[in-house]
Amino acid sequence: MLSHSIKRSSCYSFNSILRTLLKSGNPEKALHHFVQFRDQGFLPDNYTIPSLLKLLHDLHQPLHYRENIHSFAIKNGYLKDIFVTTGFVEMYFSFGYIASSRQLFDETPIKDVVLWTAMVSGFSHNGSGDLGLNLFSQMLREGVKLNRITLTSVLAACSQLMVPNLGRSVHGFSIRNGIFSSDVVLETAFVDMYAKCRNLTYSTKVFDRMRDRNSVTWNAIITGHANNQFPEPTFRLFREMIYENLREPESSILASLLQVCGGTSDLRHGREIHGYVTRSCRNMNSDMMVENNALIDMYAKAGDLNSAVLLFENVKNKNLVTWTTIISGYGMHGLGIEAVEAFNAMKKPGITPDGVTFIALLSACSHGRLVDEGLQLYTSMQRDYKIEPEMKHFACMVDIYARSGLLDQAFSFIKKMPVEPFEFIWASLLSSCRTYKNVVLGEQAAKNALAFNQYNTGVYILLSQLYADSGQWEDFSKVRLVMKDLGLKPTTAQSWVEVGRKTYVFTVRDNMNPYSEKMYKLLETLTETMHKEGFVAYRSSGCHDITKEEKEGNLCGHTEKLALAFVLIKSEGHQGVIRIGKNLRVCKDCHVFFKFISKIKDCDIILKDPNRYHHFKRGNCTCRDLW
């Protein structure tokens, strides 16, 4: 009895020391302590096993070591302890073994709220939010008393499945049962859930009523606005956080802000954040990989590729994300050769590309019309790096062929794909069919794309433009009639430009700007000048039964032209780089117009549309008239 009592005392002491070492972040010392304990002839008990699982997790040990502990627990009957069972459930979830976790759960006769919560959370983290919510419903039916961690896990599943109504129900339940009150973790989970479900009104209401906010709270509300592309509230919240917290924001917040700047071509705010990073002692020689990569991405997406390249060259310890980001940047600016050269340079220090790197590479080859290089890279990806192509790789290959006019090869590639092509692959082929006026193949591509979604407005628009470019006006009218019957309307065109630290937005035939009269007069004058230089307005995709003068008058109302005219008037001869963004693909007439303006005015113009960047300089464009 005495020896048994001593042994229990020793186990208790050992378990206490082991937990202390793990909590203090010393897994190596904890391992040494365990080896000493084992060498003295002691064996783990049910209190030791959860700590051992954490130890193996902290040391990044493979699954089979943990499975050995599982076998030991079964042999010694320790699975009767629900705390031990919960540890193994979480362990298998961490490796993505959902079935093993479910089996353990089902075999446990008496379950507590911690085990139930571990299951809901595990399903959610493994992309099976629907299973988590089903289990949550079962909890309610069995009368399990919920806690805040349970609700937090349920909210994560709601975010994943985009079911805000259920999230609101959970919100009401937590208030009625007194769980919600002044709990920063749960309140933050609601802020995050509403934001991810695109209900920023509710998200902001919860946020504004919180007494205490931590860095996670601020990250949730800022990234929520950022991901929903609301730039002004995003930056306002960022400034509030700085004033309220008086501490440096987390890297994820800065990355989200920079993502907004890149997505909206907001170079001014992007530069301000870059300056903030520098002033906060995040100099580019330090290992600030997240910030570095986000800044490179922002500059590339905001149209300032030179700054992106300069920043990239100053980053000393480049990782795979750094290289992939600059490769992608080259690609979106039409510099396919530079993208391939960057890839070759990346391989020299031994950095191994992944599937995302090859998507960036193949996309760059498609925009640069590098068919042979793209095919070689696609082959190398599978042969040299054992990367199985996914749908985006297939889409890039179709685009490589199609953009270069090799429509039959593109169609043949689609037919040989080992999986059924997605909608966007057929839409990509249709877009190139329009460029090269291949009506027969374009009709087939449109039919296949619409089989996925008959309400895809973009496909109908492309098909109607193909008919218009080919002079098939009767078919053009039929497509537009189908759109009308389905209640489909084209997306309203918008262009924007920043002048004097203020962003101006223009719509088609915009007359609301105080400078509207001057803008239209300038466009008419420039059109006359270009006529004298041999310019002829491109006629396509519009009404075919109007006069030449009416046609050219309509073309003067295109949003990107209005933005350009506004800049030329406001700049009063300033020859800096003009940066214009547009939410739709630039038309051929405006593309030719911008080339002539860059030549006549001797200015550089960067126009961003959803497809790519167009750099106009001295009468040429980097896209080489194929986009």
Side-chain angles (χ1 to χ4, degrees), residues 82-207 209-210 216-217 219-221 223-225 227-228 252 453:
I82 197 168
F83 190 56
V84 173
T85 301
T86 303
F88 285 116
V89 165
E90 292 173 337
M91 176 198 80
Y92 283 115
F93 268 131
S94 69
F95 281 89
Y97 286 24
I98 295 177
S100 298
S101 294
R102 181 78 209 209
Q103 182 179 348
L104 268 172
F105 175 81
D106 291 339
E107 292 174 351
T108 304
I110 301 176
K111 307 172 180 69
D112 64 0
V113 66
V114 178
L115 179 57
W116 282 95
T117 300
M119 289 297 297
V120 175
S121 176
F123 280 133
S124 178
H125 289 152
N126 281 274
S128 298
D130 53 338
L131 297 178
L133 293 182
N134 289 339
L135 205 65
F136 174 63
S137 298
Q138 187 179 341
M139 287 180 71
L140 296 177
R141 289 195 300 271
E142 296 191 14
V144 180
K145 187 175 181 180
L146 311 179
N147 59 27
R148 63 182 181 87
I149 301 176
T150 312
L151 297 183
T152 301
S153 301
V154 171
L155 292 174
C158 292
S159 302
Q160 185 185 113
L161 298 174
M162 295 288 289
V163 283
N165 290 337
L166 179 57
R168 280 198 294 270
S169 298
V170 174
H171 194 172
F173 174 88
S174 66
I175 293 173
R176 289 192 301 272
N177 290 272
I179 304 174
F180 184 74
S181 180
S182 300
D183 189 314
V184 67
V185 174
L186 186 56
E187 287 176 315
T188 298
F190 280 109
V191 171
D192 185 61
M193 181 275 296
Y194 284 126
K196 287 179 178 176
C197 291
R198 297 174 185 166
N199 191 334
L200 290 176
T201 301
Y202 275 56
S203 180
T204 303
K205 282 183 179 179
V206 176
F207 175 82
R209 293 172 182 173
M210 290 178 66
V216 180
T217 312
N219 185 67
I221 192 67
T223 55
H225 280 82
N227 292 335
N228 285 279
S252 57
N453 176 15

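Sequence positions, counted from 1, serve as the residue numbers for this chain.
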Nearest 0.5 Å, please: how far is [atom2] in [Y] from [atom1] in [X]?
X: T117; Y: L146; atom1: OG1; atom2: CG; result: 7.5 Å
X: N165; Y: C158; atom1: CG; atom2: SG; result: 9.5 Å
X: M119; Y: E90; atom1: CE; atom2: CD; result: 11.0 Å
X: L166; Y: S137; atom1: CG; atom2: OG; result: 7.5 Å
X: S252; Y: N219; atom1: OG; atom2: CG; result: 3.5 Å
X: L186; Y: L155; atom1: CG; atom2: CG; result: 6.5 Å

*Please work out which of the three classes, parallel, tilted or perpendicular, describes the rings of F105 and W116, given edges at 30° and 60°.*
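The rings of W116 and F105 stand perpendicular, inter-plane angle above 60°.
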Is a side-chain donor or acceptor of [X] paired with a backbone partner of [Y] at a separation under 3.5 angstrom?
X: E187; Y: M210; answer: no
X: D192; Y: T188; answer: no
X: T152; Y: R148; answer: yes
X: S121; Y: A118; answer: no
X: N147; Y: I149; answer: yes

Which heavy-atom pair separates [X] from [Y] by the least distance, and what is that distance?
X: K111; Y: I82; value: CA-CD1, 3.6 Å
X: V191; Y: A220; value: CG1-CB, 4.1 Å
X: V113; Y: K145; value: CG2-O, 3.1 Å
X: G129; Y: A157; value: O-CB, 3.8 Å
X: S159; Y: M193; value: OG-CA, 3.2 Å
X: I221; Y: S203; value: CD1-OG, 3.5 Å

_Non-neighbouring partners of T201 that pass side-chain contact (heavy atoms from CB on, under 4.5 Å), sequence neighbours left out_ =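 With sequence neighbours excluded, T201 shows a side-chain contact (heavy atoms from CB on, under 4.5 Å) to N199, K205, given in chain and number order.
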Given side chains that start at C-beta, do those of [X] and [Y] come closer than 4.5 Å, heavy atoms only?
X: D112; Y: L115; value: yes
X: V120; Y: M139; value: yes
X: E107; Y: T85; value: no

*Of all residues at least two apart in sequence or in a different chain, which pass the ring pair (Phe, Tyr, Trp, His ring centres under 6.0 Å) check with F88?*
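Partners of F88 under the ring pair (Phe, Tyr, Trp, His ring centres under 6.0 Å) test: H70.
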*Is the number of heavy atoms from other residues, nucleotides or ligands under 6.0 Å of F83 CZ greater than 12?*
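It does not: F83 CZ has 12 such atoms or fewer within range.
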*Does atom CD1 of I110 have more than 12 heavy-atom neighbours from other groups under 6.0 Å away?*
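No, the 6.0 Å shell around CD1 holds no more than 12 heavy atoms from other groups.
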*Begin with the C-alpha distance, continue with both residues' side-chain angles, and end with the deciding distance and a verdict on side-chain contact (heavy atoms from CB on, under 4.5 Å) for Q160 and L133.*
CA-CA 11 Å; Q160 185 185 113; L133 293 182; over 6 Å; no
*Do Y194 and H171 have ring centres separated by under 6.0 Å?*
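Close enough - the centres of the two rings lie under 6.0 Å apart.
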*Return each pair, listed once, that meets ring pair (Phe, Tyr, Trp, His ring centres under 6.0 Å) where at least one residue sits in residues 123-160; pairs must be two or more places apart or across chains.*
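Listed by first then second residue: F93-F123.
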_Show, in sequence, the C-alpha distance, side-chain angles and deciding distance for C197 and Y202, and conclude whether the side-chain contact (heavy atoms from CB on, under 4.5 Å) test is met._
CA-CA 10 Å; C197 291; Y202 275 56; over 6 Å; no
